[in-house]
Amino acid sequence: MDSQILIQNFLNALQWGSFYALIALGYTLVYGVLLLINFAHGDIFMVGAYLGFFFAIVLTGNSLIHLPLWIVFIMTVVLSMIATSFVGVTLERVAYRPLRRKGTNRLYVVITALMCGLILENGNLAVFGASRRSFPELIEKTIYSFGGITISNIKIMVIVTAFVAFIVLEMIIRKTRIGMAMRAISYDRVAVPLMGIPVDRIIVFTFVLGSSMAALAGVLFVTAYPVLEPYMGATIGWKAFIAAVVGGIGEIRGAFVGGFLLGFIEIFVAAFFPSTLRDLIAFSVLLVLLSVKPTGLFGFSRSTKI
Amino acid sequence: MLEIKNLYANYGAIEALHGVSLYVDQGEMVALLGANGAGKSTTLMSIMRLPPPEAPLIKQGSIFFNQVNLLNVPPHVVVAEHGIALVPEGRRIFGNLTVFENLTIATYARKDKNQIALDYDAVFDLFPRLNDRKKQRADTLSGGEQQMLAMGRAFMCGASFILLDEPSMGLAPFLMQELFKALKQLNENGVTIFVVEQNANIALKYAHRAYVMETGRIVLEGKSHELVNNPEIRKAYLGA
Ligand SMILES: Nc1ncnc2c1ncn2[C@@H]1O[C@H](COP(=O)(O)OP(=O)(O)OP(=O)(O)O)[C@@H](O)[C@H]1O
Ligand SMILES: [Mg+2]
C-alpha cells in the first residue's frame, strides 16, 4: 500500500471513528453512572438524525424565514440535540426510573432498554413508513485535494466536531461538580445524596449528555451520508456499543479511543480484504482484544457487570 | 434543635427501634452509646432517610429539626436545605475521586462562594494532612485520613449540624483522640454534633451529654461527667 492510499484510508477511518466515538460516549456515560447498558442508544442516534431531518426541512422549506444554510445547519444540530435529549430523558423517566425505584434486577432494565429501542424503530416505521428519505444538503460539499489525497469539508467538520465534543465532555466530567457527582455515583450511589446531591437530577443530566452526543452524531452522519431509514441506528449502534466495551465501558476516554479503533480496523480491513469480510474480520480482531483484556483498554474490573 | 419523639422503626419484619426519644440543642455535642445492634445507626438513618434497604421504615413517632418534621424529607434536601450532614458508618468516601474533589462535591448545593473558600481553609487547618494529599485519589488514604476526609466533607456541605456514625471505628487510640479533638474544635466553632459511638471512654470525654441505648430503647441519659461516674456504665461500657 503506498503512502497516498494509506493517508486516504487514515482520513476515512478518522471520520468513521468519529461517528462510533460520539455514539459510544453515550453508552459509556450511562453505564458509568447507572451500570446500565442502554441498548436503546443506537436508536437514539436514529431519532437524532430524524429530528435533524425534521428541523432542516422546517427551516429550509418555508417561505417565511430565509436563513443562510450554514445557520440552518447549526440550528438543526442544536435543535436536534435538544429534542433528542428530551427523548432520551423520557425513556429514563418512563422506562428506567420506575424499575430502579422498585429495585428491579438490572437484567430486566437492560431488556427494557432493548424493547425501548425496538419501540423507537417501529414507532418511526409507523410514522414515516419504510421509505428512505434524503437529508437536504445544508453544507455544500467542497473537496480539497493535496497530492492525490482528497478530503471534503464535511469530513473535516465531522472529525473536528468529534474531538471538540470529547474535550468538552472530558472537561465537564473532570472539572465540574456535576461531573464529579456523575463519577461519585458510579462509585457509591448511596452516599451521593449525603452530599446534598439529587441523584435523579444527575442521572437525567447523564441522559442529556449521552443523547445529545448521539444526536450530534446523527446529524453529522446524515450530512455525510444523506440517507435516513428507520433501522439506521441498529448496526451502527451495536458497533458503537462494542467500541465502548473494547475501550472499557464506563470510561469516557475508552469510548473515544474504542470508537476510533473500530473505525481504523474496519477501514483497513476493507482496504486489504474483500468488503464482504470486513465485519467478520473486524469483530474477530476486537474479540481477540477483549479476550486479552476483558475489561477493555481503559477499563478496570468492577464487582458488578452485566 | 433536633427532637426525636417516640420513634418506632423497622426493617421489614424486624423492629429495630421501640420508642426512642431524644433531643440535641444548638451548640451541643451529644453522644449516643450502645453495644452492637442496639439501634444506633438506625436512629441516625431515621434522620437521614436514604432509600431502602439502607434506611429503616418509620412506623410511628416524629423527628423535628428546627420545628420542621423531617419524616418525609429526602436526604439531599435534609443536607442542602436543613444543613444536616452525616458521616456514615464505614466513611463511604468516594475512592475514585481525589481528596479535593471529595470536598468539592460536598459543596454541590451551595452558592455562597466566599464562604466555601473559607470552609476549605478551615478543613485544611483542622486536618493539615488532607492538604498534603489534596490531589491524591481518596482510596489511597489510610483509614484515619479517610475518616478525616469524611468529616471534612460533611463540614463542606455547609452543615450546622453534623451526625457521625462510629468515627473511631478501626482507628488507633491516638488517632481517635486526634479526631475527637477536631470534633470538639468544630463544636466550639459553632457546629452542633451528634455522635454515635461504641467507645464510651472517648465519647464521654468529649461530649456534653450522652444517651445509652440497648435493644432499640434509650435506657440512660445524662451529662457526660455524671455518666462516667455511674457504676452501671462503668461496668458495662467503660471496662471498669
Ligand atoms: N438493613 C437492615 N436490614 C435488616 N435489619 C437491619 C438492617 N440494619 C440493621 N438491622 C438490624 O437492626 C438492629 C439495629 O441495628 P443498627 O445497625 O442500628 O445497630 P447499631 O447500634 O448501629 O450497631 P453497630 O454498633 O454494630 O453498628 C439490629 O438488630 C440489626 O440486625
Ligand atoms: Mg451501627
Side-chain angles (χ1 to χ4, degrees), chain A residues 28-29 31-35 96-106 170-206 248-254 295 298-304, chain B residues 44-45 47-55 73-111 113 116 137-139 146 149-150 152-159 162-165:
Chain A
T28 224
L29 282 167
Y31 184 86
V33 170
L34 282 183
L35 300 184
Y96 309 149
R97 187 184 294 182
L99 293 179
R100 206 163 58 237
R101 284 274 152 79
K102 295 198 185 92
T104 315
N105 186 312
R106 271 183 301 120
E170 181 80 11
M171 294 297 278
I172 292 174
I173 305 283
R174 297 285 140 212
K175 300 284 178 222
T176 67
R177 289 188 283 193
I178 201 163
M180 287 173 203
M182 289 167 69
R183 284 183 283 144
I185 290 177
S186 76
Y187 192 84
D188 184 353
R189 181 174 346 153
V190 172
V192 170
L194 299 181
M195 306 293 101
I197 300 171
V199 171
D200 280 336
R201 202 174 305 158
I202 305 294
I203 290 172
V204 163
F205 181 72
T206 307
I249 192 149
E251 290 295 306
I252 70 165
R253 271 173 242 194
T295 56
F298 288 78
F300 49 91
S301 61
R302 268 184 221 258
S303 47
T304 42
Chain B
L44 289 191
M45 283 305 195
I47 304 170
M48 191 76 80
R49 310 278 305 293
L50 293 171
E54 304 288 334
V73 182
H76 68 270
V77 177
V78 171
V79 177
E81 284 170 27
H82 297 277
I84 305 179
L86 168 67
V87 179
E89 196 166 6
R91 298 158 196 139
R92 301 189 94 144
I93 56 157
F94 301 109
N96 61 337
L97 306 187
T98 66
V99 168
F100 193 72
E101 287 171 338
N102 266 277
L103 297 174
T104 305
I105 198 175
T107 67
Y108 180 89
R110 296 178 63 181
K111 307 222 155 45
K113 275 221 168 80
I116 290 175
R137 259 179 75 116
D139 57 5
Q146 291 193 7
L149 180 56
R153 201 176 59 167
F155 181 72
M156 291 306 295
C157 289
I162 297 185
L163 313 166
L164 299 99
D165 198 344

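Computed over heavy atoms, backbone and side chain alike; hydrogens, waters and symmetry mates excluded. Just so it is clear, the model here is predicted, and its values are computed rather than measured. Sequence lines set the chain letters: A, B, ... in the order given, protein chains first and strands last, and positions in each chain run from 1.
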From [X] [atom1] over to [Y] [atom2], what is the distance, rounded to the nearest 0.5 angstrom?
{"X": "B:Glu101", "Y": "A:Arg183", "atom1": "CD", "atom2": "CZ", "value": "4.0 Å"}
{"X": "B:Thr98", "Y": "A:Met180", "atom1": "OG1", "atom2": "CE", "value": "7.0 Å"}
{"X": "B:Arg91", "Y": "A:Asp188", "atom1": "CZ", "atom2": "CG", "value": "14.0 Å"}

Which heavy atom of [X] sits nearest to which heavy atom of [Y], and what is that distance?
{"X": "A:Leu194", "Y": "B:Val79", "answer": "O-CG2, 3.5 Å"}
{"X": "B:Cys157", "Y": "A:Met195", "answer": "SG-CA, 4.1 Å"}
{"X": "A:Arg177", "Y": "B:Thr104", "answer": "CD-O, 3.7 Å"}
{"X": "B:Tyr108", "Y": "A:Gly196", "answer": "CD2-O, 4.0 Å"}
{"X": "A:Tyr187", "Y": "B:Asp139", "answer": "OH-CB, 4.2 Å"}

Taking every heavy-atom pair that is under 4.5 Å apart, which of [options] has the most such pairs with chain A?
{"options": "B:Met48, B:Arg153, B:Arg92", "answer": "B:Arg92"}
{"options": "B:Asn102, B:Leu97, B:Leu86", "answer": "B:Leu97"}
{"options": "B:Ala159, B:Pro74, B:Gly95, B:Ala154", "answer": "B:Gly95"}

(request) Counting only heavy atoms closer than 4.5 Å, note whether B:Ile93 contacts chain A via side chain, backbone, both or neither. (result) backbone
(request) Please state whether the side chain, the backbone, both or neither of B:Ala85 comes within less than 4.5 Å of a heavy atom of chain A. (result)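 Neither part, no heavy atoms under 4.5 Å.
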(message) Heavy-atom pairs under 4.5 Å with chain B - which of A:Ile178, A:Val199, A:Thr176 has more of them than the others?
(response) A:Ile178
(request) Can you tell which part of A:Ile185 gets under 4.5 Å to a heavy atom of chain B, answering side chain, backbone, both or neither? (result) neither
(message) Is A:Arg189 in contact with chain B via its backbone, its side chain, both, or neither, using a 4.5 Å heavy-atom distance?
(response) neither
(message) With a sphere of 6.0 Å drawn around CZ of A:Arg201, does it hold more than 12 non-hydrogen atoms of other residues, nucleotides or ligands?
(response) no
